[in-house]
Chemist: 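Provided herewith is a single structure, encoded as structure tokens, for subsequent inquiry.
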Amino acid sequence: MDDFSLRELEDTIFRAVSEIARNVTRMVLEALDEQLMNSRDKIRYEVIRKVQTTVKMKYGEVEYGRRYYKDHINKEKVFLLDKLTEGDRLGLYSTGAVEMVLKVCAEMSYQKAAEHIKNNTALTISKTECWNIVQEFSEVIDNYLENQLPSDDKKDVNILYEEADGVWLFHQGKNHKKEKSMEVKVVTLYDGWNEDNTKRLVNKTVIGGNCSAADINKKTEAVIDSLYNIDEINTIVLNGDGASWIDGMAGKDMIYQLDRFHVMKYITKAVKDSKILKRVKKSLKENDITKMLDLIETYMNSIDDGSNDKQVKIVKDTLRYLQNHKDNIIYYHERPEFQEFLEDGKIYKNMGVQENQNCTVITLRMKHRRMRWGYSGADAMVKLRCVIENGWLSDIIKQIDGRYTRRKTDIDPDEIIDKAFESAAPYLKSVGSGSRYFDQSKVSIPLLGAAKTTLSTAIRGLSGLA
């Protein structure tokens with residue numbers, strides 16, 4: 001036993017089980033096709049020929065044949081088996097394989113994702129195929145957000161919190177030297193904070209994309225309308241850094257708050273005199289915005305002697321930034337107009353979670369190693385990362401858009417699958433006895449000694465022991 005290798009045993013069994021899965025899948029699909037042919041409306045559907053196809057699954061490529069029909073009523077040619085199974089497929093891939101690919105691509109580069117899938121499953125896929133799946137799924141996400149986002153059990157909230165920010169990515173393409181970067185937009189919605197006084201957000205939802213201000217605003221409104229009873233929301237508090245597209249999101253019934261992190265960033269960069277900086281911060285803390293602006297302007301005039309034009313410009317830009325948003329600087333919960341919305345026992349914290357969301361959703365995957373992105377590629381990845389962050393991926397897979405939705409038939413799929421296994425059973429032993437992997441491995445498999453079931457019968461047959 002000196003030459004025994006657990007890893008080699010593991011690889012052998014994995015390959016054997018994958019071969020079993022492919023063979024059983026092929027048999028079941030072809031038996032399904034046989035059942036469909038026997039139970040079809042023979043006047044309506046005329047068999048033309050049998051055509052081979054392939055579906056890529058977690059355990060590898062499954063090749064099988066299915067019949068091609070002429071539909072005399074709809075005057076079209078169809079595969080009845082595809083009508084039955086396409087709700088579980090996206091193109092040539094099963095939705096199980098698609099979900100796996102999307103999750104891996106969301107965490108690593110397409111090249112590494114392809115290598116990871118190849119090394120850890122029986123499916124071989126290229127980085128281009130990974131990119132194509134993410135791009136195609138981007139359209140499915142759009143359809144889901146616009147038409148299929150669950151609207152049952154809408155939440156009733158008095159105050160809805162909304163934060164928005166942009167993340168700049170390096171641009172890819174022929175003109176990347178002229179257009180060095182592009183801004184993807186991210187919005188975070190939440191109901192408030194946990195009652196246990198932690199910083200965790202309640203019902204956090206992230207929306208994003210490489211899109212226009214109008215598009216991100218439209219997406220945000222659609223998500224709010226789907227998740228919340230609009231009539232029950234008394235006010236929306238918007239926190240942003242003062243970018244023009246965020247300013248444009250601030251409606252008349254919203255309370256717009258300038259992100260305090262960015263306010264302090266501008267102030268500390270502009271005011272280099274520690275004593276004046278201390279007075280400026282004190283005025284800000286006391287919500288005396290007029291005094292704060294006067295102090296900064298006085299400081300600017302004091303250094304404007306022609307010897308430090310660069311710093312003077314920084315102070316001017318800061319002063320302009322703060323003056324343009326002077327009505328938005330005070331914390332939302334310290335404003336008179338917010339007092340009417342206060343609820344007893346409710347926790348009100350300072351906002352400013354968007355920088356952390358940017359890091360989680362965008363930066364960790366899309367900014368390392370000076371990655372470059374095309375417009376559509378960045379948009380697709382941002383949307384995918386947001387969907388995964390919200391926990392929506394599996395639901396979108398289940399409710400995949402109209403191009404792939406399972407069509408209604410008069411046939412009971414469960415009944416057909418049972419008959420398919422019955423039809424395939426006599427052939428399992430001969431197929432299993434020809435498995436090169438089971439010839440290599442003479443190990444004991446507990447399932448083979450289990451009570452007789454459809455699965456155990458199939459495994460025994462494929463192992464050559466039935």
Side-chain angles (χ1 to χ4, degrees), residues 101-116 127 130-131 133-135 137-138 141 145 161-173 176-177 179-190 198-201 204-213 215-217 219-220 223 238-246 249 257-266 268-269 349-393:
V101 171
L102 292 173
K103 286 179 178 178
V104 176
C105 290
E107 297 299 326
M108 59 186 72
S109 70
Y110 292 118
Q111 179 67 49
K112 289 185 177 180
E115 293 174 359
H116 177 84
K127 65 177 183 179
C130 287
W131 186 90
I133 289 175
V134 173
Q135 288 296 119
F137 201 72
S138 176
I141 293 174
L145 294 179
Y161 297 89
E162 181 178 332
E163 302 200 27
D165 198 9
V167 181
W168 290 90
L169 303 176
F170 289 106
H171 186 260
Q172 179 189 66
H176 73 269
K177 292 184 178 180
E179 301 177 42
K180 292 185 178 180
S181 57
M182 57 186 173
E183 184 185 33
V184 296
K185 300 172 177 64
V186 186
V187 175
T188 302
L189 305 172
Y190 53 100
T198 63
K199 294 183 178 180
R200 287 180 295 177
L201 305 179
K204 182 187 74 173
T205 303
V206 187
I207 308 115
N210 185 20
C211 54
S212 66
D215 284 343
I216 194 67
N217 198 25
K219 289 180 182 180
T220 302
V223 171
L238 174 63
N239 184 80
D241 62 5
S244 59
W245 68 271
I246 300 176
M249 294 179 71
Q257 171 185 290
L258 199 62
D259 185 66
R260 190 55 62 96
F261 171 81
H262 288 87
V263 171
M264 295 306 302
K265 182 179 178 180
Y266 270 89
T268 54
K269 185 178 180 180
K349 293 180 177 289
N350 297 331
M351 299 173 73
V353 303
Q354 194 58 51
E355 288 292 331
N356 183 58
Q357 301 307 311
N358 291 347
C359 180
T360 301
V361 178
I362 308 296
T363 306
L364 292 177
R365 169 63 176 90
M366 303 182 71
K367 290 198 73 170
H368 290 317
R369 302 178 302 280
R370 294 178 65 86
M371 287 184 176
R372 295 188 178 276
W373 296 85
Y375 287 109
S376 61
D379 182 58
M381 182 55 66
V382 171
K383 288 189 291 190
L384 174 61
R385 299 267 304 175
C386 287
V387 160
I388 292 176
E389 182 72 11
N390 295 337
W392 292 348
L393 182 60

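Because the structure is a prediction, the values reported are computed rather than measured. The analysis underlying the following values was restricted to heavy atoms, covering all of them including side chains, and did not include hydrogens, waters or symmetry mates.
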Chemist: Can you name the closest pair of heavy atoms from H262 and D259 and give their distance?
Modeler: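 Shortest heavy-atom contact: ND1-OD2, 2.8 Å.
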Chemist: Report the C-alpha separation of N239 and F261 in whole Å, then their side-chain angles, then the decisive distance to 0.1 Å, and conclude whether the side chain to side chain contact (heavy atoms under 4.5 Å, CB included) test is met.
Modeler: CA-CA 11 Å; N239 184 80; F261 171 81; over 6 Å; no
Chemist: Which pair of heavy atoms, one from N358 and one from V186, lies closest together, and at what distance?
Modeler: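 That would be OD1-CB, 3.9 Å.
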Chemist: Applying side-chain contact (heavy atoms from CB on, under 4.5 Å) between C386 and each of I141, I362, V206, V187, report the one that passes.
Modeler: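 Between C386 and the candidates, side-chain contact (heavy atoms from CB on, under 4.5 Å) is satisfied uniquely by V206.
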Chemist: Restricting to non-hydrogen atoms, name the atom on N210 and the atom on A378 that form the minimum distance, rounded to 0.1 Å.
Modeler: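 Minimum heavy-atom contact is ND2-CB, 4.1 Å.
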Chemist: Of the non-hydrogen atoms in G377 and W131, which two are nearest, and what is the gap between them?
Modeler: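 Looking at all heavy atoms of both residues, the shortest contact is CA-NE1, 4.4 Å.
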Chemist: In Å and rounded to the nearest 0.5 Å, what is the CZ to CG distance from R385 to L393?
Modeler: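 Taking CZ in R385 and CG in L393, the distance rounds to 12.5 Å.
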Chemist: Are K367 and F170 close enough that some pair of their side-chain heavy atoms sits under 4.5 Å apart?
Modeler: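 No, side chains not in contact.
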Chemist: Could you verify whether a donor N or O on one side chain and an acceptor N or O on the other, from T188 and E163, lie under 3.5 Å apart?
Modeler: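 No donor-acceptor contact under 3.5 Å links the two side chains.
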Chemist: To the nearest 0.5 Å, what is the distance between CZ on R260 and CE on M351?
Modeler: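 One gets 12.5 Å once the value is rounded to the nearest 0.5 Å.
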Chemist: A side-chain contact here means heavy atoms from C-beta on lying under 4.5 Å apart; do E107 and H116 qualify?
Modeler: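 When only atoms from C-beta onward are counted, H116 and E107 do not touch, as no gap falls below 4.5 Å.
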Chemist: So E355 and D165, do their side chains get closer than 4.5 Å, heavy atoms only?
Modeler: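 Result yes, sub-4.5 Å side-chain heavy-atom pair found.
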Chemist: So, do L201 and Y161 sit near enough that their side-chain heavy atoms are less than 4.5 Å apart?
Modeler: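 No, side chains not in contact.
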Chemist: Run the side chain to side chain contact (heavy atoms under 4.5 Å, CB included) test on V134 and L102 for me, step by step, so that the C-alpha distance in whole Å, both residues' side-chain angles and the decisive distance to 0.1 Å come before the verdict.
Modeler: CA-CA 6 Å; V134 173; L102 292 173; 4.0 Å; yes
Chemist: Is the ring pair W373/Y110 parallel, tilted or perpendicular, if the boundaries are 30 and 60 degrees?
Modeler: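 W373 and Y110: perpendicular rings.
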Chemist: Enter the distance from S109:OG to M366:CE here, rounded to the nearest 0.5 Å.
Modeler: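 Spacing of OG (S109) from CE (M366) equals 12.5 Å.
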Chemist: Once rounded to the nearest 0.5 Å, what's the spacing between atom CD of E389 and atom NZ of K204?
Modeler: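 Result: 4.0 Å between the selected atoms.
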Chemist: Nearest 0.5 Å please: distance from the CE atom of M371 over to the OG1 atom of T363.
Modeler: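 M371 atom CE to T363 atom OG1 measures 11.5 Å (nearest 0.5 Å).
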Chemist: May I ask you to decide if I388's main-chain N or O and K103's side chain share a donor-acceptor pair within less than 3.5 Å?
Modeler: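 Such a contact is absent between K103 side chain and I388 backbone.
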Chemist: Between K219 and D215, is there a side-chain N and carboxylate O pair less than 4.0 Å apart?
Modeler: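 No, no charged N to carboxylate O under 4.0 Å.
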Chemist: What are the two closest heavy atoms between L258 and D241, and how far apart are they?
Modeler: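 Taking L258 first and D241 second, the nearest heavy atoms are CD1-C, 3.8 Å.
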Chemist: Taking all atoms of both residues into account, what is the closest heavy-atom pair of W245 and G166, and its distance?
Modeler: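 Nearest heavy atoms, W245 then G166: CZ2-N, 3.8 Å.
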Chemist: Rounded to the nearest 0.5 Å, what separates atom CG in L384 from atom OG in S138?
Modeler: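 With rounding to 0.5 Å, CG (L384) is 9.0 Å from OG (S138).
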Chemist: Looking at C211, is its backbone amide N or carbonyl O close enough to the side chain of K185 to form a donor-acceptor pair, meaning the two atoms are under 3.5 Å apart?
Modeler: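 Yes, because the side chain of K185 sits within donor-acceptor range (under 3.5 Å) of the backbone of C211.
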